[in-house]
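Below, chain A is the first sequence line, B the second, and so on; all start at residue 1.
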Protein chains: 2
Amino acid sequence: MAESHQPDDCSIQRTLDAIGDRWTLLILRDLFRGVRRFSMIQTDLGIARNLLADRLISLADEGVVKKVPYQDRPPRHEYHLTAKGRALSPALVALMRWGDDYYTDGGAPTELVHDECQTRLELQSWCTSCNSPVDPTHIRSAPGAGRVLSVTETEDV
Amino acid sequence: MAESHQPDDCSIQRTLDAIGDRWTLLILRDLFRGVRRFSMIQTDLGIARNLLADRLISLADEGVVKKVPYQDRPPRHEYHLTAKGRALSPALVALMRWGDDYYTDGGAPTELVHDECQTRLELQSWCTSCNSPVDPTHIRSAPGAGRVLSVTETEDV
DNA sequence: GATGGTTGGTTGCAAATCTAAACCGACCCG
DNA sequence: CGGGTCGGTTTAGATTTGCAACCAACCATC
């Protein structure tokens, strides 16, 4: 892409530049699930090998994954998530939850649960100051730039 | 994409099939911000007009947005998020937060805050049963399919 | 020590996708 | 009537992608 004419003035723009590729989030999903080797990912996803190689290089350049050797002579390595990569967990969870809610037809929804009580997890905005969850209608954008991420401006369908 | 050889067995796969396009999440960001008209979105994003038209049709087909007429004679309409579309809010927020955390260099981070106390928001997994936030290390995948979305299997970088 | 298998790629080409720019119909304004 | 806006569609050319074949390094085996 020619990098939108708006120089990336937005976190979402920057994020999508880094990981917004059609395959990248699926690769990350595999890494989260412990599928870490080139051929395992390739088999699991059915992605072309050259694309997988490219994506892994980009992800390593971005610092989202790192190569970790697991044997020497043939040099072989796995791709591990860095802290930056693991920080994507909420985003993956949110996307997964949305898929569960609206595309349940297929197969097992791969739901996420709290291991202590087996309850299905929600994803909540959390205010560390109030130490409580925040209703979406009380979310505003920060430095007063007038940009509101609103979920209430439209009526229900 | 040729729809991976794995028939979409995963919520993330299904989700990305629906909205995983390079532009689609940016279009949704605009809709969340109240940018709802064809030419406004086109100007804001710099997307080609045919692609924008295609994406909006797909999003309407998916039930993520709906066309809402705002004048009659020339028939003109806006694109509004449906409930299904608004349900993507946590995912957008999560992606935005990640961008804020790791790509702050550029400009104003467009942070999200709690409007009552102006505190920056975190995104938390929430157990409705325990009525409390859940630590990432206590997340397991649901119907015991052996698929764990783990954030702790690798060491820090 | 040749034969085959596994792993992690690279290369080349056809097919799909994207961009840019022109065009269009329905209207409004002066 | 001439010009401008809005919401697109069409076309043509550049870019990206997918697929398949190939390759190099090793191992295991006979």
Check the distance between [N]'s [atom2] and [X]'s [atom1] and give it to me in whole angstrom.
X: B/Gln71; N: C/dA26; atom1: CD; atom2: C1'; value: 10 Å
X: A/Asp21; N: D/dT15; atom1: CG; atom2: P; value: 18 Å
X: A/Leu52; N: C/dT10; atom1: CG; atom2: P; value: 11 Å
X: A/Gln42; N: C/dT6; atom1: CD; atom2: P; value: 14 Å
X: B/Asp72; N: C/dC28; atom1: CG; atom2: P; value: 11 Å

Self-check item: Any residue meeting side chain to side chain contact (heavy atoms under 4.5 Å, CB included) with A/Leu59, in chain and number order, not counting sequence neighbours
Solution: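 Counting only residues at least two positions away or on another chain, A/Leu59 forms a side chain to side chain contact (heavy atoms under 4.5 Å, CB included) with A/Ile19, A/Thr24, A/Ile27, A/Leu28, A/Val64, A/Val65.
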Quiz item: Taking only residues two or more places apart in sequence, or in another chain, which ones meet B/Thr128 in a side chain to side chain contact (heavy atoms under 4.5 Å, CB included)?
Solution: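 Partners of B/Thr128 by the side chain to side chain contact (heavy atoms under 4.5 Å, CB included) criterion, ordered by chain and then number, come out as A/Thr119, A/Glu122, B/Trp126.
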By salt bridge (Lys or Arg N to Asp or Glu O under 4.0 Å) - contacts of [X] (at least two apart):
X: A/Asp54; result: none
X: B/Arg37; result: B/Glu78
X: B/Arg49; result: none

Quiz item: Side-chain N or O of B/Trp23 less than 4.0 angstrom from OP1 or OP2 on C/dT17?
Solution: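 For B/Trp23, the contact criterion (side-chain N or O under 4.0 Å from OP1 or OP2 of C/dT17) is not met.
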Practice problem: Determine: side-chain N/O of B/Arg22 to OP1/OP2 of C/dT19, distance under 4.0 Å, yes or no. | Solution: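 So the side chain of B/Arg22 is outside the cut-off, no N or O lying under 4.0 Å from OP1 or OP2 of C/dT19.
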Self-check item: Where protein sits on nucleotides 6-12 of chain D, one letter per nucleotide: B base, S sugar-phosphate only, - none, heavy atoms under 4.0 Å
Solution: BBBBBB-
Exercise. Classify the ring geometry between A/His77 and A/Tyr79 as parallel (under 30°), tilted (30 to 60°) or perpendicular (over 60°).
Key: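 A/His77 and A/Tyr79: perpendicular rings.
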